[in-house]
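Report on the following structure.
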Number of protein chains: 2
Amino acid sequence: MPAVLNRADPRLLDAERLIQQRLGDRRLDFDSMLAVSNIYRAATAVRRRAEKGVLSEFGLSWGGFTTLWVLWVWGEMQTADLAEECDLSKGTLTGVVKTLERRGFVKRSQVASDRRRVTVALTDAGIDTIEGLFPRFNLYEGEMVRELSITEKQTLAELLRRVIVTADAP
Amino acid sequence: MPAVLNRADPRLLDAERLIQQRLGDRRLDFDSMLAVSNIYRAATAVRRRAEKGVLSEFGLSWGGFTTLWVLWVWGEMQTADLAEECDLSKGTLTGVVKTLERRGFVKRSQVASDRRRVTVALTDAGIDTIEGLFPRFNLYEGEMVRELSITEKQTLAELLRRVIVTADAP
DNA sequence: ATGATTTCGTTTGCTACCAAACGGACTATA
DNA sequence: TATAGTCCGTTTGGTAGCAAACGAAATCAT
């Protein structure tokens, strides 16, 4: 997990040796460690980059963008479905939607047939925003993986997909 | 980014078609989109799993664990170096260290030669914790990538490393 | 039907995270 | 040695994120 594990310098070997020393006889699964820690570091780097670049111009966080995007593609949704599709807890989604509502990007409506339920939909301003933003965001995504060939992007996505399935399994 | 993009069902095609429809004539870099969104989803899944499993038993967050781990491997460090190695802003690190200090895992010391500076070191309790925790955490890491061969783990780590370098570049 | 249970979204209390502002401590230039 | 500038870690103010508690609404069981 620390930055040093990915530097192409002798400290990497130092780090591995130090870790093994701390561990004594216990065995160390270095390949798994590096794979998992790189997933996390890549996600952090990619998210920070997006939020500082494209997203900040539109006053959106990563979660806010995701929510807007899902609503744009799928249209008006009930909050429970929206939370699942955005991979957020329902409590978190309440807050994200509240922020988006304050910014004027979405609106809530109560469902007549079941008054516990609430749907969320984009406003016109929300539609304008996501339509202006998404092409730029997609370019940014391309930038983030510009060192990878198409095949490598697909490999990366597929390997990650298998990790997601494993980690999400009950 | 939404969950549906990774389901092996016709909705994936629906999603791609819907997105393209919303985009009109603008081109869509689907491979990059899927690669980037899977990085983020995998990181979230893996982190959640760790925090609900291994880490919760020790009362640690992901960031708290990382900090403990770095201090264990490298020994006492100044906060600026620690923040960089843990990939956290200095403000965030202050909070994480504060929490770890409250739990009795680390202690701070002022540097005599420069009284602005502060070092952080593990306490005995912190050492016991990380020594008990790390082998379990490494097993968990193996679990998260158990569907991948050794070669695939290395490929994944290498592809991600290239993304990290790109995203971290100024 | 009515009481108990379940199912909604929201609220609450907490940690995490960042950027920017801050104040104390060092340093360089005069 | 002043004093202006720089460099520390901390604080502040904001969003994000979760789990658990909550109140209202629907449904189930009797």
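Chain letters run A, B, ... following the sequence lines, proteins first, then strands; residues in each count from 1.
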Inset, instruction - Write down the distance between CG (A:L100) and P (D:dG14), rounded to a whole number of angstrom. - result: 18 Å

Inset, instruction - Could you state the atom-to-atom distance from CD of A:E101 to P of D:dA16 in whole Å? - result: 14 Å

Inset, instruction - Can you check each nucleotide of nucleotides 6-18 of chain C against protein heavy atoms at under 4.0 Å and return B for base, S for sugar-phosphate only, - for none, in 5' to 3' order? - result: -BSBBB---SSBB

Legend entry - Sidechain N-carboxylate O distance under 4.0 Å for A:E158, A:R161: yes

Inset, instruction - First locate atom CG of A:L133, then atom CD1 of A:I130, and finally report the distance between them rounded to the nearest 0.5 Å. - result: 5.0 Å

Inset, instruction - Check the angle between the aromatic planes of A:Y40 and B:W62 and answer parallel, tilted or perpendicular using the 30° and 60° thresholds. - result: tilted

Legend entry - Main-chain N/O of A:V111 paired to A:R117 side chain as donor or acceptor, under 3.5 Å: no

Inset, instruction - Mind jotting down which residue pairs meet the ring pair (Phe, Tyr, Trp, His ring centres under 6.0 Å) criterion with at least one end in residues 142-165 of chain A? Sequence neighbours excluded, please. - result: none

